[in-house]
Amino acid sequence: MKTLIENLLRQALAALPPELVSAAARDMSPEVERTRDATHGDFASNLAMRLAKVARQNPRALAQALIAAMPADAAIEKVEMAGAGFINFFLRQDAFHREIATILARGPEYGRSNLGKGQSLMVEFVSANPTGPLHVGHGRHAAFGATLANLLAAVGYRVKCEYYINDAGRQMDILAVSTWLQYLRLRGEEFVFPANGYRGEYIIPIAARLNAAVGAKLQRSTAEVFGGLPPDEPQGGDKDLYIDALIARARELLGADGLRQVLDLALQDILGDIRGDLAEFGVHFDTWFSERSLTADGSIDRALAKLRETGHAYLKDGALWFRSTTFGDEKDRVMVRENGARTYFASDVAYVFNKLERGFAHLLYVLGADHHGYITRVRAVLLALGGPAESFEVRLVQFVSLFRGGQKAQMSTRSGEFVTLRDLRREVGNDAARLFYVMRSNDQHLDFDLELATQRSNDNPVYYIQYAHARVASVLRQLQERGLKADTANGLASLSKLASPQETQLQKRLCAYPEMVEVCATQRAPHMLVHFLRDLANDFHTYYSAQQFIVEDVEIRDARIALALATQTVIRNGLELLGVSAPGTM
RNA sequence: GCGCCCGUAGCUCAGUUGGAUAGAGCGUCUGGCUACGAACCAGAAGGCCGGGGGUUCGAAUCCCUCCGGGCGCACCA
């Protein structure tokens, strides 16, 4: 509907006499938007006002000229000039009726389009370190990323979702040591746990599985393990030095293979938990990309070599640097340290390199707000590797604060004091969690009040929206119980009999759905879909209260049921994109 | 100190990238079930869009500057 009006405006613009509008102004693309106020029609354009500036003409006169030059169209009732030079479009009722028929005909496909023209796009999200279970913050990333991916796929992009597994580096050593220490405890050793180790309780069952797998093979005495180590933080030492010494000690005592065995067991265990958690949450990834594989397949070497060849990398003070200042970074970044060890950033370089090698036309990163300082250097890598600037995009997700009984809960993987995504899902359910997570803009802090979400009150629009869907199902059940059948074709043919304000309002809202999906996808704004669905549910509940569906008059009855079915279809399609179920009964 | 995000009704938040009279939910107040599901509906009250300057036909939206809140600025991961 919107594109139809844009085309009309474009034709009118092209038909304007040259003395009125210059050739340059003729290229202006018309902006059309839904009106907020019904007295302004269904759609409005500010084209004449924007044109007025360029052409140095009176906007109201230009609007009149545009209206006069506009070809007639069967869907348009009338076109008016209003205010400072707005052009308001009033659509004929049957334009809406045809759209209702389209909704029923396309069913689950309604709202899908080919805006993206099959362009390949990767969304990377969550990518939480596999050192413990996902917590409520990761849940927001999962819900946001998955919904965004759904929206982009719905408008015609070829979307792949990827989870980057940070399975290399020091944190993995810390995980291995933490697991090993818990194993030693299970075997009766007594000692103080390192300040910088992972102390979460989730480590204990992993240690138990290690114990079941290896028995006493990896057991060492407390004296062997801790003898001669520097002091830990609580004893006035440095927690980083201490944990590093402990890692070195573990490697001495168990050998690289022994420690690797502990690590792999812990990693597989935790990763399995994360995968299962996300799958239950309805969040699916096409690929789980291992950081280690970047070393194994030579991506890091190739990426660094390419940067050196192209002059974007250089040696200084014995270290290999990336010249990110060329691309606006505040300082250059080290990739290989003086001691020969690669930094985490080297992996990031290789990962971007790898994504480009795989041929994605667009790279979308969903990152935590605390990673914003990191965007410039990743973009720099992409540019240095020859990727186009437009192909790189980052969306930041702000923090989630968890409230329980008005009290803010602390979240830290190290200390083990956090509420997991699993706990949250168990408490409020997947549907409420998915919707709650995306109902606010991603760059807004989210206060997640568990008590409120558990109350199942109207604070949480998920019930409100689902109820509208279930009500339609209920009407259909009633119809059946009374031995009546809905004739959809007859209903669609009789839509002109529906003229109440509620019916008009509902029809207009339904027809706006495809535009809504496009806007949500283009703006990367899933929360707008939630608001749309809530408004749609409101329109339906209002209608439901004002009118009876199952009435004597067959044409009116069928028409109302057709409208109810269209509502159900749009709500179901919208909820599907949000990853929320659309129940027939509640 | 520099950078990013945020500041809109009592509370939690929208506001489709500069449009017409500023929008919801919760809370408060008033009404509506012998009804296809009251998990609902209708109505009312509630605003200096953090303050101040600017840009223009037009600003919650863009620019500058203060004020307040969050986060980030490693040869860590």
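Computed from a predicted structure; not experimentally measured.
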Quick test: give all pairs of protein nitrogen or oxygen and nucleotides 29-31 of chain B nitrogen or oxygen below 3.5 Å, distance rounded to 0.1 Å.
none

Do the ring centers of His312(A) and Phe327(A) come within less than 6.0 Å of each other?
-> yes

Taking the inter-plane angle between the rings of Tyr513(A) and Phe532(A) on a 0 to 90° scale, is it parallel (under 30°), tilted (30 to 60°) or perpendicular (over 60°)?
-> tilted

Identify the nucleotide, in any strand shown, that forms a Watson-Crick or G-U wobble pair with rG58(B), with both distances under 3.5 Å; if there is none, say none.
-> none

Provide the distance between the two P atoms, one in rC57(B) and one in rC48(B), to the nearest whole Å.
-> 29 Å

Give none if rG3(B) has no partner; otherwise give the nucleotide forming a Watson-Crick or G-U wobble pair with it, both distances under 3.5 Å.
-> rC71(B)

Show me the protein contacts with nucleotides 43-45 of chain B, counting only N or O atoms at under 3.5 Å.
none

Between Phe43(A) and Phe90(A), is the ring centre distance below 6.0 Å?
-> no

NA contact type, Gln480(A), heavy-atom cut-off 4.0 Å: base, sugar-phosphate, or nothing?
-> nothing

Nearest-angstrom distance, C1' atom, rA60(B) to rG19(B) | 13 Å

Are Tyr351(A) and Tyr164(A) near enough that their ring centres are under 6.0 Å apart?
-> yes

Taken to the nearest whole Å, CG/Leu51(A) to C1'/rC57(B) is 14 Å

Glu330(A) has an atom CD; how far is it from atom P of rG72(B), in whole Å?
-> 15 Å

Would you indicate what Tyr544(A) reaches in the nucleic acid, counting non-hydrogen atoms under 4.0 angstrom: base, sugar-phosphate, or nothing?
-> base

Quick one: Arg60(A) CZ to rG58(B) P, roughly how many Å, whole number?
-> 16 Å

Footprint string (nucleotides 17-24 of chain B, 5' to 3'): B base within contact, S backbone only, - free, heavy atoms under 4.0 Å = B-BBB--S

Centroid-to-centroid, Tyr374(A) to His371(A), below 6.0 Å?
-> yes

OP1 or OP2 of rA42(B) less than 4.0 angstrom from a side-chain nitrogen or oxygen of Thr542(A), does that happen here?
-> yes

Quick one: does NZ or CZ of Arg534(A) land under 6.0 Å from the six-membered ring centre of Tyr464(A), within 45 degrees of the ring axis?
-> yes

Give a yes/no answer on whether the side chain of Gln444(A) brings an N or O atom under 4.0 Å of OP1 or OP2 in rA14(B).
-> yes

Among rA38(B), rG3(B), rU16(B), the one nearest any side-chain atom of His372(A) is rG3(B)

Can you measure from CZ (Arg333(A)) to CG (Asp329(A)) and round to the nearest 0.5 angstrom?
-> 4.0 Å

Atom pair CG/CG of Leu364(A) and Leu152(A) - distance to nearest 0.5 Å = 6.5 Å

Check the distance between rC5(B)'s C1' and His371(A)'s NE2 and give it to me in whole angstrom.
-> 16 Å

Under 3.5 Å, sequence neighbours excluded: what are the donor-acceptor pairs made by side chains of residues 480-487 of chain A?
from, atom 1, to, atom 2, distance (Å)
Asp487(A), OD1, Ala489(A), N, 3.2
Asp487(A), OD1, Asn490(A), N, 3.0

Taking the inter-plane angle between the rings of Tyr544(A) and Phe540(A) on a 0 to 90° scale, is it parallel (under 30°), tilted (30 to 60°) or perpendicular (over 60°)?
-> tilted

Give Ser441(A) one of three labels, base, sugar-phosphate or nothing, depending on what nucleic acid heavy atoms sit under 4.0 Å from its own.
-> sugar-phosphate

Verify, without hydrogens or angle tests, whether Trp321(A) (side chain) and Met335(A) (backbone) share a donor-acceptor contact under 3.5 angstrom.
-> no

Which one is paired to rA44(B), where only Watson-Crick or G-U wobble pairs with both distances under 3.5 angstrom count?
-> rU28(B)

For RNA chain B, find the residues of residues 315-328 of chain A with a heavy-atom distance under 4.0 Å and give them by number; none if there aren't any.
-> Asp317(A), Ala319(A), Trp321(A)

Please tell me which of the listed nucleotides, rA39(B), rC41(B), rC4(B), lies nearest to the side chain of Tyr463(A)?
-> rA39(B)

Would you say a side-chain N or O of His527(A) is under 4.0 Å from OP1 or OP2 of rG15(B)?
-> yes

Apply the side chain to side chain contact (heavy atoms under 4.5 Å, CB included) test between Tyr543(A) and each candidate in Thr567(A), Leu563(A), Asn538(A); give the one that qualifies.
-> Leu563(A)

Please state how far atom CZ in Phe540(A) lies from atom C1' in rA42(B), giving the value in whole angstrom units.
-> 17 Å

Mind telling me whether rC29(B) is syn or anti, cutoff 90° either side of 0?
-> anti

cation_pi(Arg557(A), Phe549(A)) dist<6.0 Å, angle<=45 | no

Take the protein atom CZ of Phe532(A) and the nucleotide atom C1' of rA14(B), then report the distance between them rounded to whole Å.
-> 15 Å

d(Leu175(A) CG, Thr131(A) OG1) to nearest 0.5 Å is 6.5 Å

Nearest-Å distance for atom pair CD/P, residues Gln398(A) and rG7(B) | 11 Å

Using the C1' atom in both, what is the distance from rG54(B) to rU61(B), to the nearest Å?
-> 15 Å

With a 6.0 Å cut-off on ring centres, are Phe436(A) and Phe448(A) close enough?
-> yes

Give, ordered by number, those residues of residues 552-560 of chain A having at least one heavy-atom distance below 4.0 Å to an atom of RNA chain B; if nothing qualifies, reply none.
-> none

Within this structure, what is the CD1-to-C1' distance between Ile550(A) and rG37(B), rounded to whole angstrom?
-> 12 Å

